[in-house]
Amino acid sequence: MSAAFTMNWPAVRSIYRFEMGRFWRTAGQSILAPVISTTLYFVVFGAAIGSRVSAVDGVPYGLFIVPGLIMLSLLTQSISNASFGIYFPRFAGTIYEILSAPISPLEVVLGFVGAAASKSILIGLIILATSALFVPLRIDHPFWMIGFLLLTAVTFSLFGFVIGLWADGFEKLQLVPLLIVTPLTFLGGSFYAIGMLPPFWHAVSLLNPVVYLISGFRWAFFGKADVNIAVSLGMTALFLVICLGLVTYIFRTGYRLKS
Amino acid sequence: MPIISISKLSKTYTSGFTALRDIDLAVERGEIFALLGPNGAGKSTLINIVCGIVTASSGTVLVDGHDIGADYRAARRVIGLVPQELTTDAFETVLNTVNFSRGLFGLKPDAGHIERILRALSLWDKRDSRLMTLSGGMKRRVLIAKALSHEPRVLFLDEPTAGVDVELRQDMWRLVRDLRQQGVTVILTTHYIEEAEEMADRIGVIRRGEIILVEEKAALMRKLGRKQLILHLQQPLAAVPPDLADYELALAGEGRELVYTYDTRAERTGITGLLTGLSAAGIRFNDLHTEQSSLEDIFVGLVREERVQA
Ligand SMILES: Nc1ncnc2c1ncn2[C@@H]1O[C@H](COP(=O)(O)OP(=O)(O)O)[C@@H](O)[C@H]1O
Ligand SMILES: [Mg+2]
């Protein structure tokens with residue numbers, strides 16, 4: 001029997017809507033926070049620093065930081081939404097309902113990760129719109145831009161889902177984003193082109209997976225990249241596959257879900 | 001075919017603790033089955049395995065003929081579960097959370113069905129309230145509504161009356177009887193003998209991870225209250241005196257022991273009358289003692305274990 005025929009779509013929809021419900025309930029906060037932080041970044045980096053920094057690769061500095069800003073939020077939002085989304089029912093005990101329902105692991109992941117990715121994409125678009133208030137936007141490859149947005153949101157929502165399953169306390173839930181993701185994003189060229197770094201640090205940067213995301217995303221905007229666009233795409237896809245593998249493993253073994 | 005058939009089911013938690021050993025159990029379609037046992041006996045573990053929340057270490061479970069592992073979708077679709085712990089999403093409304101449950105089971109929304117359930121559980125007026133504003137009893141009603149939202153054929157109630165007020169207890173029993181009328185099988189756990197007696201058609205007793213007996217309630221209760229008074233006679237008797245025919249008497253030990261079987265739960269045990277009758281008939285005895293059935297031992301044991309834990 002084909003999986004499509006036996007997929008429990010109402011369950012996927014229920015989980016998705018339930019998860020989005022939390023977003024809309026706190027819509028003011030969910031939307032206002034990225035608008036405020038984006039504005040602050042523009043004030044600090046765009047106006048204060050940007051006025052002293054010449055154009056990067058021929059792109060005015062204020063405009064140059066837009067893809068990095070979006071990526072920064074996309075990564076942190078995807079991880080925090082998805083990890084919280086699955087961690088909370090585990091913590092509160094309401095996970096029993098998901099475990100005892102006729103739902104496949106794939107459907108659970110589609111519902112939770114789909115919702116987390118949707119939220120971070122929405123936030124990414126809000127930041128994009130906010131940016132338009134400060135700088136004249138330019139997007140050379142809009143389809144690739146959307147493509148990278150989707151791919152990154154899904155990949156990091158999956159990563160967040162894994163963290164939410166692994167964490168056995170609220171501290172651990174915040175540990176990975178705080179200690180790993182945020183530094184990697186800041187050092188991944190959100191606010192500079194890694195080509196601007198001395199050769200040694202340039203080489204070190206290439207070990208940072210976030211570099212490939214930001215570089216690819218920036219290419220979609222300005223047609224210029226720190227690394228080859230195919231490499232960017234390949235690295236993002238690789239990370240996606242790794243996260244998928246982890247999630248599959250978790251469900252197959254029941255790790256942290258069932259005793 | 002039984003609606004639930006469990007064979008050779010064992011569970012050892014990762015801690016190394018064995019919570020279930022070689023459980024064999026069949027629950028018949030449409031019956032109310034009570035799983036009776038003290039705290040820690042393994043009742044929740046058993047239910048949670050059948051429902052897919054805990055994985056078994058070995059053994060098989062079929063629900064309506066479907067294996068809970070290989071054919072989990074078909075098996076779970078049949079089941080509604082009201083868990084022991086009160087766990088609810090604080091910010092959701094009653095109506096949303098019940099609709100959510102129905103969706104999880106792959107069913108289309110059915111406003112009429114949900115309204116009937118909410119009314120039956122006196123939740124209709126509260127349908128737009130957030131769960132965090134509800135009392136514990138109301139939350140338990142919500143959990144029952146969620147379990148019934150997808151029209152299950154089997155309903156599991158894990159310690160349904162723990163910490164529940166009288167009104168809810170009565171509502172719940174009424175609901176359980178209505179469900180049985182509709183052919184729904186109900187499996188409940190409890191550590192109160194009285195509760196099992198009040199509700200169940202059949203009772204299974206579980207202790208330290210083993211099912212030690214499964215009986216029709218009526219048969220069980222008959223055996224349960226029985227006790228024997230044994231009189232050691234001075235002179236052996238050839239037969240029970242006809243004057244005492246009204247009493248349930250038998251002779252043992254070559255006529256040297258007169259055994260009287262009585263019901264401890266009856267209003268009168270008849271012991272005083274019997275002793276008067278014996279005296280009138282001139283039958284003397286030099287010693288006496290009482291014995292209870294092995295079943296009674298089990299239940300005294302159950303109660304004692306309860307006390308130790310309390
Ligand atoms: N996740 C777990 N890990 C280790 N031991 C457990 C776990 N869950 C339950 N137990 C133990 O298994 C035994 C049976 O528990 P449970 O099935 O909840 O009993 P009951 O519902 O009859 O009170 C208890 O001794 C309990 O401590
Ligand atoms: Mg229990």
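This is a predicted model, so every value here is computed, not measured. A note on names: the letters A, B, ... follow the listed sequences, proteins ahead of strands, and every chain is numbered from 1.
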(message) Counting only non-hydrogen atoms closer than 4.5 Å, does T14(B) touch chain A with its backbone (N, CA, C, O), its side chain (CB onward), both, or neither?
(response) neither
(message) With a 3.5 Å distance limit and no angle check, can you tell me whether N8(A) reaches the backbone of L104(B) through a side-chain donor-acceptor pair?
(response) yes
(request) Let me know if T88(B) has heavy atoms under 4.5 Å from chain A in its side chain, its backbone, both or neither. (result) backbone
(message) Tell me whether W124(B) at atom CH2 has more than 12 heavy atoms from other residues, nucleotides or ligands lying less than 6.0 Å away.
(response) yes
(request) Could you tell me whether the side chain of R73(B) and the main chain of A101(A) form a donor-acceptor pair under 3.5 Å? (result) no
(message) Rounded at 0.5 Å granularity, tell me how far CZ in F88(A) sits from CG in D89(B).
(response) 7.0 Å
(message) Nearest 0.5 angstrom please: Y96(A) OH to E85(B) CD, how far?
(response) 11.5 Å
(message) Are more than 12 heavy atoms, taken from residues, nucleotides or ligands other than Y13(B), located less than 6.0 Å from that residue's OH atom?
(response) yes
(message) Quick check on K108(B) against chain A: is it the side chain, the backbone, both or neither that has a heavy atom closer than 4.5 Å?
(response) neither
(request) Going by the side-chain contact (heavy atoms from CB on, under 4.5 Å) test, name the single residue among V50(B), I47(B), I53(B) that passes it with S100(A). (result) I53(B)
(message) Could you report the tightest heavy-atom contact between S14(A) and G103(B), atom names first, then the distance?
(response) OG-CA, 3.2 Å
(request) Would you mind checking which part of L107(B) comes under 4.5 Å of any heavy atom in chain A, side chain (CB onward), backbone (N, CA, C, O), both or neither? (result) backbone
(request) Evaluate whether atom NZ of K8(B) has more than 12 neighbouring non-hydrogen atoms of other residues, nucleotides or ligands under 6.0 angstrom away. (result) no
(request) Tell me, for I15(A) versus chain B, whether the close heavy atoms (under 4.5 Å) come from the side chain, the backbone, both or neither. (result) both
(message) Just checking R17(A): does its CZ atom have more than 12 heavy atoms from other residues, nucleotides or ligands closer to it than 6.0 angstrom?
(response) no
(message) For a 4.5 angstrom cut-off between non-hydrogen side-chain atoms, does P10(A) reach F105(B)?
(response) no
(request) Answer yes when E92(B) and R25(A) have at least one side-chain N-carboxylate O distance shorter than 4.0 Å, and no when they do not. (result) yes
(message) Which atoms of F100(B) are under 4.5 Å from chain A, going by heavy atoms: the side chain, the backbone, both sets, or neither?
(response) both
